[in-house]
Peer 1: 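For reference, the structure I am asking about is given below.
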Amino acid sequence: MCGITGYIGNRDAYPIIINGLQRLEYRGYDSAGIMLFDGQEINFSKTKGKVSNLQEKVENDISASGSIGIGHTRWATHGIPNDLNSHPHLSQSGDLAIVHNGIIENYDSIKKELISRGYTFKSDTDTEVLINLIEEVKNQENVMLGKAVQIALSQVIGAYAIAVFDKTKPDEIVVAKLGSPIAIGVGKNFEEFFIASDASPFIEYTKDAIYLEDEEMAIVKIGREVAVRKIIDDSNVDAKIHELQLNLEQIEKGGYDHFMLKEIYEQPKAITDTFRGRLLAKEGIIKISGLENNMKKFLNAERIIIVACGTSWHAGLVAEYIFEDFARIPVEVEYASEFRYRNPIITEKDIVIAISQSGETADTLAAIKLAKSKGAFVFGVCNVVGSSIARENDSGAYTHAGPEIGVASTKAFTTQITLLALMALRLARAKGTMTSASYRLYLQEMELIPKKVKQVLEIDSQIKAIAKKYLLSTNCLYLGRGFNFPVALEGALKLKEISYIHAEGYPAAEMKHGPIALIDDRMPIIVIAINKGHYEKIVSNIQEIKSRKGKIIAIVTEGDVTVKEIADHVIEIPEVEEALSPLLTTIPLQLLSYHIAVMRDCNVDQPRNLAKSVTVE
Ligand code: F6R
């Protein structure tokens, strides 16, 4: 994780870097730092805490002048979050400065070697080792910075996105990538360049960006085209300049108190964007080009294996129920982190679907590489266009949810389910596993989902009132069955990650096998009890809870009478087909967690210890 930014050009670098870091804080926010070159000297300031702490410190520490600089916002890996371990790190001579996102795995042996050559270290980080290795190579080989970075990186094992500055060569910044993302914003006539972990820090300055691929590095020099080279053999790479589709409005809060709330409210639009051009309900057509182009593979697949982490894994579980029900293809859902290390059986007849909002999750990326090496066809479901996972797949489809900045995933989840449900419907049609009448019905239902999500959002104040009653809870249980069992898991994850209340999701019938022991008159239990599927069974589960005095918050279908009589609170959602119901039942759970977290004064958009993209394993 971590976010890196840099600027080189004619403007004042400080505000560009600070604003950029603020936009990258979703990647990590336990410490931050900046280095500026004022034409003579390197000035730097770094501190534990957020970018706002850094701003205060800079005012006391340094002159914030200069038109070249690099900055960093950290999610600690090696070394606790403190001022010394914050980036940038300087080399022993003080001439070189680096910011780094990733992990250098063999840093310890390199450090010992450097210590034997007289180097001393101020921090506990792997990054300080890397910058000193670069300096050592530069001195020993008598080469320029670019070459020294290339040689040094060929000696390290691990993952990195780095930006390196050399005070003796102040018209350039050297960047390199392996495993962690890095983008270079190209200014008009190559008069200025912006460097960042993603394009959000520079979208108001340029729409032209180069994304480095793994094992590539670039010398970014004022007045010159960006020279991209392969780290392994120093060969030239013909780097493409991409035109960015992002705009500033998409990455601002737009009047909402938090990004998370904005993103919850964006779901009707995000879901519509997911099926735009793909779902033609009236004509009875679903067209997803990544799927159409590989239809034969999907029709011949003996099995689909879904790999993902966290919320994306929950979307995968929902997809398992939908694919098996609609298209009758066996599906297995795996945590990417387990799959990659457990010697799984994968054959050429398997299709692996990798789900990732960020497209940068290290475990998911590694799982894809493993699946590909065993001959499976890999299909990616990503949100971030051009991300590492999106590029690594054999084929894929974007969810088009727009930037998700709140660390807790919301619209990514519902758009992933939307896209996967469309895929399952399309396959069901092609395989003849669904009648034409059901297929038509689902298409119409799908088209109505955004409107129904909007209806659920309209009862936000009612959900807020319920949140108020339970904000002091210490434990919480979420129950659902069938298609809504993964929603129970997702509801519990949302609550624990942003409010720090312990929560667990369970299939409702499993409650009797253990969790029922937890229930007492202080325990809130959120039950998804819509009128489809195994309604009577879930009503019995609710009764079992009530006999143990648990407090029930039930998500029910509009007009429900039975559950209303037993539950302490009911939240009504519109009538919907069971397979698509997770798209609606999820919404109240997101709002409930959000309000509880706000009332508990938690940092909703940046929960403690978390980061948006988990680019380390
Ligand atoms: C939870 C959350 C995480 C992510 C997980 C995977 O709200 O956001 O659990 O879902 O880190 O991230 P992606 O989807 O980017 O691979």
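Both counts, for ligands and for their atoms, begin at 1 and track the order of listing. This structure is a prediction, so every number in the text was calculated from the model and none was measured. Along the sequence shown, residues carry numbers from 1.
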Peer 1: To check your reading of the model: name the closest protein heavy atom to atom 7 (O) of ligand 1, its residue, and the distance in Å.
Peer 2: Glu497 OE2, 2.6 Å

Peer 1: Determine the interplanar angle of the His242 and Tyr211 rings, folded into 0 to 90°, and report it as parallel if under 30°, tilted if 30 to 60°, perpendicular if over 60°.
Peer 2: perpendicular

Peer 1: Does Lys269 pair with Asp273 as a salt bridge, N-O distance under 4.0 Å?
Peer 2: yes

Peer 1: Among Thr73, Asn19, Leu24, Ile195, which one satisfies side-chain contact (heavy atoms from CB on, under 4.5 Å) with Thr5?
Peer 2: Leu24

Peer 1: Quick check on contacts: which atoms of ligand 1 are under 4.0 angstrom from a heavy atom of Ala408?
Peer 2: 7 (O)

Peer 1: Would you call the rings of Phe483 and Tyr321 parallel, tilted or perpendicular if under 30° counts as parallel and over 60° as perpendicular?
Peer 2: tilted

Peer 1: Quick one: sort the Phe298 and Phe377 rings into parallel, tilted or perpendicular, breaks at 30° and 60°.
Peer 2: perpendicular

Peer 1: Does Arg600 make a cation-pi contact with Tyr500, if we ask for NZ or CZ under 6.0 Å from the ring centre and within 45° of the axis?
Peer 2: no

Peer 1: For atom 6 (C) of ligand 1, which candidate among Ala315, Ala336, Gly310, Cys309 holds the nearest heavy atom?
Peer 2: Cys309

Peer 1: Below 4.0 angstrom from a heavy atom of Ser312, which ligand 1 atoms are there? Numbered from 1 as shown, please.
Peer 2: 10 (O), 13 (P), 14 (O)

Peer 1: Counting non-hydrogen protein atoms only, what is the nearest one to atom 15 (O) of ligand 1? Give residue, atom name and distance.
Peer 2: Ser358 OG, 2.6 Å

Peer 1: Would you mind checking which non-hydrogen protein atom is closest to atom 11 (O) of ligand 1, with the distance to 0.1 Å?
Peer 2: Val614 CG2, 3.9 Å

Peer 1: Between Glu360 and Arg27, is there a side-chain N and carboxylate O pair less than 4.0 Å apart?
Peer 2: no

Peer 1: Going by an N to O cut-off under 4.0 Å, is there a salt bridge joining Glu490 and Lys494?
Peer 2: yes

Peer 1: Counting only heavy atoms, tell me which of Ile355, Leu365, Val407 gets closest to atom 8 (O) of ligand 1.
Peer 2: Val407

Peer 1: Provide, to 0.1 Å, the distance between atom 4 (C) of ligand 1 and the closest protein heavy atom, together with that atom's residue and name.
Peer 2: Thr311 N, 4.0 Å

Peer 1: Any nitrogen or oxygen of Gln357, main chain or side chain, under 3.5 Å from a nitrogen or oxygen of ligand 1?
Peer 2: yes

Peer 1: I'd like to know if Lys494 contacts ligand 1, where contact means a heavy-atom distance under 4.0 Å to any ligand atom.
Peer 2: yes

Peer 1: Closest by any non-hydrogen atom to atom 16 (O) of ligand 1: pick that one out of Thr361, Val384, Ile389, Val381.
Peer 2: Thr361

